[in-house]
Amino acid sequence: MTTDNSTPAAAPTNKHFVRQIIEADLAAGRNGGQVVTRFPPEPNGYLHIGHAKAICIDFGMAQEYGGRCHLRMDDTNPAKEEIEYINAIKEDVRWLGFDWGTHFYHASDFFGPMYAFAEALIQRGQAYVCAVPQDDWKDYRGVPTRPGKESPWRSRPAAESLDLFRRMKAGEFKEGELCLRAKIDMASPNIHLRDPVIYRILHAEHPHTGNTWCVYPMYDFAHPLEDAFEGVTHSLCSIEFEVHRPLYDWVIENLMAVRAAGKFDSAGWFTEAIAGYQGPQQNEFARLDLTYTVMSKRKLLELVQDRLVSGWDDPRMPTLCGLRRRGYTPFAIRNFVETVGVTKFNSLTEVALLEHCLREDLNKLALRRMAVLKPLKVTIENASELPATVEAQNNPEDPAAGTRQIPLSRELLIESDDFMEVPPPKYFRLTPGGSVRIRNAGFLTCTSVEKDAAGAVTNVICRWSPQTTALKVKGTIHWVSAPHAKQVAVRLYDRLFTVPEPDGQEQDFKTFLNPQSLEQVTAYAEPAVAAAQPGDKVQFERVAYFIADAYDSQPGAPVFNRTVTLKDTWAKPQPAKK
RNA sequence: UGCCGGAUGGUGUAACGGUAGCACAACAGACUCUGAAUCUGUUUGUCUAGGUUCAAAUCCUAGUCCGGCAACCA
């Protein structure tokens, strides 16, 4: 069985607008022909499939255009961030197949130069210390349709602001008492330009810088600076930041001006300076949204806290750790992201597409095994003619995977769905008097059945014929030898929600939780299954793909998570079965 | 009702003034020692109304609808 994750990068399928922008920049010689991107998660939660899109784009573009991508913890808010998430984020990005080399940063690495630049802005008359209380600011800011009004502190002399800002930094004020605002335009139709706060006071211990600071930069101020200090050329983010771009550009423009004016020592700012660096530009693309899934951190947290799932890595969660535990492969996810494409259109992608990409990968790499989930006993009349074992291919899609021997005996177990006393039309499996092929081991012809008092079939008596028999049958079923069967715990996972859009309904999203999203059963498996190692991916033939759970499997006693079922074009048109 | 984006089959995307293509889904068939995979075929689309042009998904005008923006969050 395989744990192989060393799959190739997804091949570009189309020249989406980000590729076009980068190619145009390259052609124009912008930034010395370099491409530097970054993935900047806030370390306050686990990464999910939506982040995977951003990761694939950020790292993918750098890879494709011979540049590099930085991994950066966007830790500008000590009140919300925790160090424990950082390692999980690194693990998930690495698992997805990306490498940031030595370019791992924290936004907080740049608190010094950010602060210095803030002072420079004050000196240039472009920022001021404001004492309007947070609650009162609503009146000053105005609403989108009406301009705001200026803060009474807006025209405070630069020297006074500078003094106050330094005393803010020195810890002389309480949280909320003062803040530093960029002086832009209170009448701007863009709210983000109405003198946004760029520094606030937070008397909190920062997970990375400890108690060094008690003033912290806001996202809109910090992010463009982080990008610039790292020498990022293309700052790719999701669509909700589009309205922030004018502010992003304002910061960059002033940074470049301050630097050009040589107002203060800028040595060491550009940690990864590149020849001809002109500054970063932000471009926005639509987030990924999936049917039968919720994606917001808040809602995922709610599922975890309310114990509706077993944790962030519950195999039903859309988190990367959940998907990994479910048996998803990095290649499937990367290929999915490439297939979905990159646009500004706010779309809802069907999970079926994700599942298709998964099956496509698993079909190539998962070893085949046989296991019966709902057993029905078969007794072979002519057992003396049976060989002790039969040989089976480990993966018909990959001859290199080799073969194995499977024991055979008088008593077999078959799937109870694979026998019907009164079959519907076009039923290709076992019926009284009928024959089927049993996978890798010849044929069975049912001669009689035994039933219990309630009339349920308890034993199907069959005659066995070898593979060489010239029997024409339409169906092949899987089986295991009852005395050799290993009992293994199996978790049958299904989608977490019953409706395509659990969000955006009138009722709470939890109303739509699928009560059948997890069914635990004991399967009867051929002996080879017991040797599965944690993380091994297998296909139980005719049933589904499974993975040996990374945490709950014991030596010789793997626990299997159902990754995704095989497509079943027979079950669908059949009316609901018992 | 302000600003910024966006709109192509059921879904996701391509076409950058010149035959609306691809993938998923659905359906039908072929093949098959997995009713899987594979292969073939079918159904379904340019938001609306005007305009420019020999020619418009593409350019222009007006409208409609959808998303985002009023944290000292990111």
Side-chain angles (χ1 to χ4, degrees), chain A residues 13-16 20 40-42 44 74-77 79-81 107 130 132-134 137-138 141-148 175-181 188-194 196-202 215-216 218-220 222-223 237-246 284 286-288 291 297 336 339-357 359-360 363-364 368 370 392-393 396-397 426-429 436-443 467 473-478 500 539-545 565-572:
Chain A
T13 58
N14 80 68
K15 203 137 273 185
H16 53 65
Q20 291 179 24
E42 183 184 16
N44 70 344
D74 211 359
D75 56 351
T76 56
N77 188 349
K80 289 175 64 177
E81 294 140 13
C130 181
V132 172
Q134 196 175 158
W137 182 252
K138 280 200 290 285
R141 183 183 45 228
V143 291
T145 50
R146 299 246 183 290
E175 288 185 13
E177 207 174 334
L178 295 175
C179 67
L180 184 69
R181 291 188 183 282
S188 171
N190 185 336
I191 302 275
H192 299 282
L193 259 20
R194 321 246 262 227
V197 172
I198 58 177
Y199 259 94
R200 81 285 214 187
I201 298 168
L202 289 173
V215 289
Y216 292 93
M218 298 290 292
Y219 168 86
D220 282 320
H223 206 88
C237 63
S238 44
I239 209 87
E240 70 269 26
F241 292 106
E242 205 156 23
V243 267
H244 296 240
R245 194 178 347 130
E284 312 84 10
R287 285 170 174 264
L288 175 68
T291 55
K297 267 182 197 170
F336 167 71
T339 304
V340 163
V342 181
T343 66
K344 284 176 174 293
F345 179 64
N346 127 44
S347 57
L348 177 63
T349 301
E350 293 176 341
V351 266
L353 182 60
L354 213 210
E355 292 174 345
H356 168 261
C357 292
R359 290 191 184 102
E360 191 177 38
N363 180 48
K364 287 180 299 194
R368 271 55 169 180
M370 288 199 287
Q393 274 191 290
E397 304 281 328
K426 293 195 179 169
Y427 184 78
F428 298 158
R429 286 110 101 151
V436 271
R437 188 188 296 275
I438 55 171
R439 183 78 167 143
N440 301 306
F443 302 89
Q467 315 214 31
V473 295
K474 302 260 328 188
T476 300
I477 64 174
H478 59 282
Q539 182 198 101
F540 290 161
E541 286 190 282
R542 301 210 313 131
V543 178
Y545 292 101
T565 60
L566 258 32
K567 281 176 72 176
D568 188 350
T569 48
W570 160 250
K572 251 172 211 170

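Atoms considered below: every heavy atom in the structure, side chains included; atoms not considered: hydrogens, waters and symmetry mates. Every chain is numbered from 1, with letters handed out A, B, ... down the list of sequences.
- Considering only side-chain atoms of A:K567, the nucleotide from B:A14, B:A70, B:A37 that sits closest is B:A37.
- You'll find the side chain of A:T339 reaches within 4.5 Å of the side chain of A:L353, heavy atoms only.
- Rounded to whole Å, the separation between the C1' atoms of B:G29 and B:C16 comes to 39 Å.
- For A:V243, the listed nucleotide lying nearest its side chain is B:C69; candidates were B:G35, B:A74, B:C69.
- Here the side chain of A:Q134 is nearest to one of B:A36, B:A71, B:U34, namely B:A71.
- Here B:G17 sits opposite no nucleotide as a Watson-Crick or G-U wobble pair (both hydrogen-bonding atom distances under 3.5 Å).
- Nucleotide B:A30 is shown with an anti base, its glycosidic torsion being more than 90° from 0.
- Toward the 5' end of RNA chain B, the nearer of the two residues A:E42 and A:I239, judged by each one's closest nucleotide, is A:I239.
- Residue A:S347 places at least one side-chain N or O under 4.0 Å from the OP1 or OP2 atom of B:U13.
- Within the nucleic acid shown, A:N190 has no heavy atom closer than 4.0 Å to any nucleic acid atom.
- When all heavy atoms of A:V436 and A:R429 are compared, the pair lying nearest together is CG1-C, 3.2 Å.
- In this structure, A:T339 does not reach the B:A23 phosphate: none of its side-chain N or O atoms is under 4.0 Å from OP1 or OP2.
- The residue A:L566 sits close to a base: some heavy atom pair falls under 4.0 Å.
- The NZ atom of A:K297 sits 5.5 Å away from atom CD of A:E42, with the distance rounded to the nearest 0.5 Å.
- Using a 4.0 Å heavy-atom distance criterion, A:V143 is classed as a base contact.
- Atom NE2 of A:H356 is separated from atom C1' of B:G10 by 17 Å (rounded to the nearest Å).
- Considering only side-chain N and O atoms, A:R287 lies nowhere under 4.0 angstrom from the phosphate OP1 or OP2 of B:G68.
- Heavy atoms of A:T343 sit under 4.0 angstrom from primed sugar atoms or phosphate atoms, though from no base atom.
- Between B:C22 and B:C60, the two P atoms lie 29 Å apart (nearest whole Å).
- A:V132 comes within 4.0 angstrom of a base, heavy atoms only.
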> Do A:Y216 and A:T76 pass the side chain to side chain contact (heavy atoms under 4.5 Å, CB included) test, and can you show the C-alpha distance, the side-chain angles, and the key distance before you say yes or no?
Replying inline: CA-CA 6 Å; A:Y216 292 93; A:T76 56; 5.7 Å; no
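- When the nucleotides B:A74, B:G12, B:U34 are ranked by their closest atom to the side chain of A:R368, B:U34 comes out on top.
- Not a single salt bridge (Lys or Arg N to Asp or Glu O under 4.0 Å) links A:E360 to another residue, sequence neighbours left out.
- Spacing between atom CD of A:Q539 and atom P of B:A36 amounts to 12 Å, rounded to whole angstrom units.
- Of the N and O atoms on the side chains of A:H478 and A:R542, at least one donor lies less than 3.5 Å from an acceptor on the other residue.
- In this structure, A:R194 fails the cation-pi test against A:W137, since its NZ or CZ atom is not both closer than 6.0 Å to the six-membered ring centre and inside 45 degrees of the ring normal.
- In this structure, A:R542 reaches the B:G35 phosphate: one of its side-chain N or O atoms is under 4.0 Å from OP1 or OP2.
- The CD1-C1' distance, from A:I198 to B:C73, rounds to 16 Å in whole Å.
- Here OG1 of A:T343 is found 10.0 Å from NE2 of A:H16. Values are rounded to the nearest 0.5 Å.
- Residue contacts shown for A:T76 are limited to sugar-phosphate atoms, with no base heavy atom under 4.0 Å away.
- Remark: B:G45 base-pairs with no nucleotide; criterion is Watson-Crick or G-U wobble with both hydrogen-bond distances under 3.5 Å.
- For A:E350, counting side-chain heavy atoms from C-beta on, the closest listed nucleotide (B:G5, B:C24, B:A71) is B:C24.
- In this structure, A:E360 reaches neither bases nor backbone, as no heavy-atom distance under 4.0 Å exists between it and the strands shown.
- Picking from B:C24, B:G6, B:C69 the nucleotide with the shortest atom distance to the side chain of A:F345 gives B:G6.
- At least one side-chain nitrogen or oxygen of A:R200 sits closer than 4.0 Å to the OP1 or OP2 atom of B:A74.
- For the pair A:I438 and A:P41, nearest-nucleotide mapping onto RNA chain B gives the more 5' position to A:I438.
- Residue A:K80 has its side chain nearest to B:C73 when only B:G5, B:C24, B:C73 are considered.
- A stacking contact links A:W570 to B:G35: the aromatic ring centre lies within less than 5.5 Å of the base's six-membered ring centre, and the planes differ by less than 30°.
- Using a 4.0 Å heavy-atom criterion, one finds that A:L348 contacts the sugar-phosphate atoms exclusively.
- Across all strands shown, B:C72 forms no Watson-Crick or G-U wobble pair with both key distances under 3.5 Å.
- Taking atom P in both B:U46 and B:A20, the straight-line distance is 12 Å, to the nearest Å.
- Closest contact between the side chain of A:F241 and the listed nucleotides B:A74, B:A14, B:C24 involves B:A74.
- Among the nucleotides B:A70, B:A14, B:C73, the one closest to any side-chain atom of A:N14 is B:A14.
- Distance CD (A:E240) to C1' (B:C3): 17 Å, rounded to an integer number of Å.
- A:Q20 comes within 4.0 angstrom of a nucleotide base, judged by non-hydrogen atoms across all strands.
- Sparse packing is recorded around NZ of A:K474, with 12 or fewer heavy atoms of other residues, nucleotides or ligands lying under 6.0 Å away.
- Of the C1' atoms belonging to B:G41 and B:C47, the separation is 31 Å, rounded to the nearest Å.
- Counting any heavy atom pair closer than 4.0 Å across all strands shown, A:F540 reaches no nucleic acid atom.
- The partner of B:A37 cannot be assigned: no Watson-Crick or G-U wobble pair with both contacts below 3.5 Å exists in any strand.
- Between A:E175 and A:R200 no salt bridge is recorded (no basic side-chain N to carboxylate O distance below 4.0 Å).
- Using a 4.0 Å heavy-atom distance criterion, A:G176 is classed as a base contact.
- Spacing between B:A57 and B:U52 at atom P, rounded to whole Å, works out to 16 Å.
- Counting atom types as modelled, A:E284 pairs no side-chain N or O with a base atom of B:G5 as donor and acceptor under 3.5 Å.
- Side-chain to base pairing of A:R429 with B:G35: one donor and one acceptor N or O lie within less than 3.5 Å of each other.
- For B:G5, the paired base is B:C66 (Watson-Crick or G-U wobble, both distances below 3.5 Å).
- For B:C69, neither phosphate oxygen OP1 nor OP2 lies less than 4.0 angstrom from any side-chain nitrogen or oxygen of A:H192.
- With both pairing distances under 3.5 Å, B:C24 is matched to B:G10 as a Watson-Crick or G-U wobble pair.
- Among the heavy atoms of the strands, none lies under 4.0 Å from A:K138.
- In this structure, A:W570 and A:F428 have parallel ring planes: the angle between them is below the 30° cut-off, well short of the 60° mark.
- Rounding to the nearest 0.5 Å gives a distance of 7.0 Å between CD of A:E355 and OG1 of A:T565.
- Among B:C72, B:G12, B:A36, the nucleotide with an atom closest to any side-chain atom of A:T569 is B:A36.
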Would you tabulate the pairs of protein nitrogen or oxygen atoms and nucleotide nitrogen or oxygen atoms of nucleotides 39-43 of chain B closer than 3.5 angstrom?
none

